[in-house]
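Working notes, structure below.
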Amino acid sequence: MNKSPFKQLKRFKHDPRFGGMDEAAKGASWAKIAAAIGVDDEPVEAPALQGVSYGVWLLTQYLSKPVLVGTFSVVVIASGWLTTVRASDSLPGDALYSVKKITEQAQLRLASLDRRAILHTEFAGRRLQEASDLQGESTNASESASLVHGAIEAYKQEISSAAASLRQLKDEGGVTTLATASSVQQNLQAIDTTIDAVVADSVSAEATQEALVAKEVTKVASEAATTVAVEVHEEEKTALSTYELKQMFKSELGQIEARQRFDLERIEVIRAALADESISYAGFTVPTSDELLAYEYPIVAVDSLLSQAMNSFAAGGFRSAFATLQEIDTSLLAIEAQLAQIEITIMNARTQPPAVVGEEAIEIEEPAKAEDVVL
Amino acid sequence: MSDLEIKFLAFRVYRSADKQAFSRLHELHVERIRRFVAFKVARPEEADEITSEVFFRAWEYMTSQKVDNLTAFLYKVARNIIADHYRKSKRTEPLTEERAAVTATPGSFIHDLEVHEEAEQLLTLMAGLKPEHREVLVMRYQDEMSIAEIAQVLDKNSNAVRVLLHRAKQAIKRQV
């Protein structure tokens, strides 16, 4: 058989050999039913799908939703547009924050499934921004830490909801799945860049740790979006799906290259900080120059894996190409966690003396040897 | 016709035993139900009988109970009737060998209809599949149902349907 069996199945869907029926067969079938349920031989006329009875039924069946929407609209108008606008800038703990959350919930309820997946990533970006804005906002340190932690938890929730909505869209065979996966992926990449900026600007060890947790969650959701996109393409195999996948691959590739440059710059900054004689590292465990090289090597070695991913993609091995990118992502994430640990140590050394010199020094994980790093 | 309009017709059947509404529902669904049945029984006459039985039982049920998802409901009724049919005729493997034999036997209904070569090849391919693979392929590619709709009909979750569909596609590709 030369043609795809799936296309052939569609082609023969009305063929009697495949159980299909023409009008005469349908008529004969109805005649049997009609005789059994007591309808005259005369063909019955279908009821009009308009008029009073249909209108009344529509009202009774679907009254609840318009009422909900109407009530919400009245509440929004009554409470004032200004309140909603002001609430958009509020932070957890503010009086207007609940208005912001209710507005978001309403948006989600009224959105279609594809729009919902994208909205969740947009709200995740807001939670991350809130966590960033909350840093050092309160005079009470423990209250501030608790609010930041809450915002990061809410961020994780939004990200996992985005991934779940996307998966549901795929399962329901939504025609916009691939485009939605692409949009979700773009938003996640924007969030990832924001996290990198938070790490770069961070002045506290807690913020760096929270950012790393957020990065890990984003990575999982990003992989899920890519998997959905590849699955859709494998089912559809159209020029459009190939194009969408290509755009996603290029975007992810660019993201990894940017991270590669950013991580190399971080190592340079660390190197400069360690060489700064005005900072005393006595009592702190910091990497030697050779150990820093051991972090640097696998980041540079990413180049060869990127080439491998590009070759796979060009040969049509989309799944394998994205898997290679995910592998690189995992390796970079592990190195970034270790770099963050060093940065935290440097920050501690700048701001405070070690508790007990020589005995309870802050431990840093041994850098992996270049030959042991599996990329 | 939209889902909303189908729900309205089903409501008319329930509320006032509206035969006109049921006639329209029959017209909309009969082909896919017959197709579903035809791939599970050997002879077209059996498929016709079972299809009529499905709609007769549906009428009896729908005039006394509300039905939310008519398509899923009709498939479920069809599955139950086919199961009864197998039990009565004491068949365990309904179609695979029998359908292949029918396909290959001159004089059978397929040959009587002067089948096209490609259709024959496809029927042979389908006959070589496991019943559950054949079922999910027909629903997806001939009835053009979404994964969620198939999941409802088969009483499985969406992931299970996706796996089943993937295996069915692999199975038919292997045969090609």
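Letters A, B, ... are given to chains in the order of the sequence lines, protein chains preceding strands, and every chain is numbered from 1.
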Considering all heavy atoms of both residues, which atom of B/Ala38 and which atom of A/Gly19 are nearest to each other, and what is their separation?
CB-CA, 3.7 Å
Tell me whether B/Gln142 contacts the main-chain N or O of A/Leu9 through its side chain, where contact means a donor paired with an acceptor under 3.5 Å.
yes
Could you give me the CA-CA distance, side-chain angles and deciding distance for A/Phe6 and B/Lys173, then say whether side-chain contact (heavy atoms from CB on, under 4.5 Å) is met?
CA-CA 10 Å; A/Phe6 313 118; B/Lys173 277 180 185 169; 3.8 Å; yes
For residues B/Arg34 and A/Phe18, determine if any side-chain heavy atom of one lies less than 4.5 Å from a side-chain heavy atom of the other.
no
Let me know if B/Arg140 has heavy atoms under 4.5 Å from chain A in its side chain, its backbone, both or neither.
side chain
Find out whether A/Ser29 and B/Asp48 are in side-chain contact, i.e. whether some heavy atom of one side chain is under 4.5 Å from a heavy atom of the other.
no
Comparing B/Trp59, B/Phe56, B/Phe55 against chain A, the one with the most heavy-atom pairs below 4.5 Å turns out to be B/Trp59
In terms of heavy-atom contacts, A/Pro5 and B/Leu122 come closest through O-CD1, 3.9 Å
Under the criterion side-chain contact (heavy atoms from CB on, under 4.5 Å), I'd like the reasoning laid out for A/Glu172 against B/Ile147: C-alpha separation, chi angles, the key distance, then a yes or no.
CA-CA 5 Å; A/Glu172 290 182 7; B/Ile147 299 284; over 6 Å; no
Assess whether a salt bridge exists between A/Lys32 and B/Glu53, defined as any Lys/Arg side-chain N lying under 4.0 Å from an Asp/Glu carboxylate O.
no
Under 3.5 Å: donor-acceptor pair, side chain of B/Glu31, backbone of A/Gly20:
no
Judged by atom type as modelled, is there a donor-acceptor pair below 3.5 Å linking the side chain of B/Lys19 to the main-chain atoms of A/Ile37?
yes
Spacing of CE belonging to A/Met21 relative to CD belonging to B/Glu27, to within rounding of 0.5 Å:
11.0 Å
Give a yes or no on whether B/Arg167 atom CZ has more than 12 heavy-atom contacts from other residues, nucleotides or ligands under 6.0 Å away.
no
Heavy atoms from other residues, nucleotides or ligands near NZ of A/Lys26 exceed 12 (cutoff 6.0 Å):
yes
Check: B/Phe22 and A/Ile33 side chains under 4.5 Å, non-hydrogen atoms
yes
Do B/Lys169 and A/Glu235 have side chains that approach each other closer than 4.5 Å (heavy atoms only, starting at C-beta)?
yes
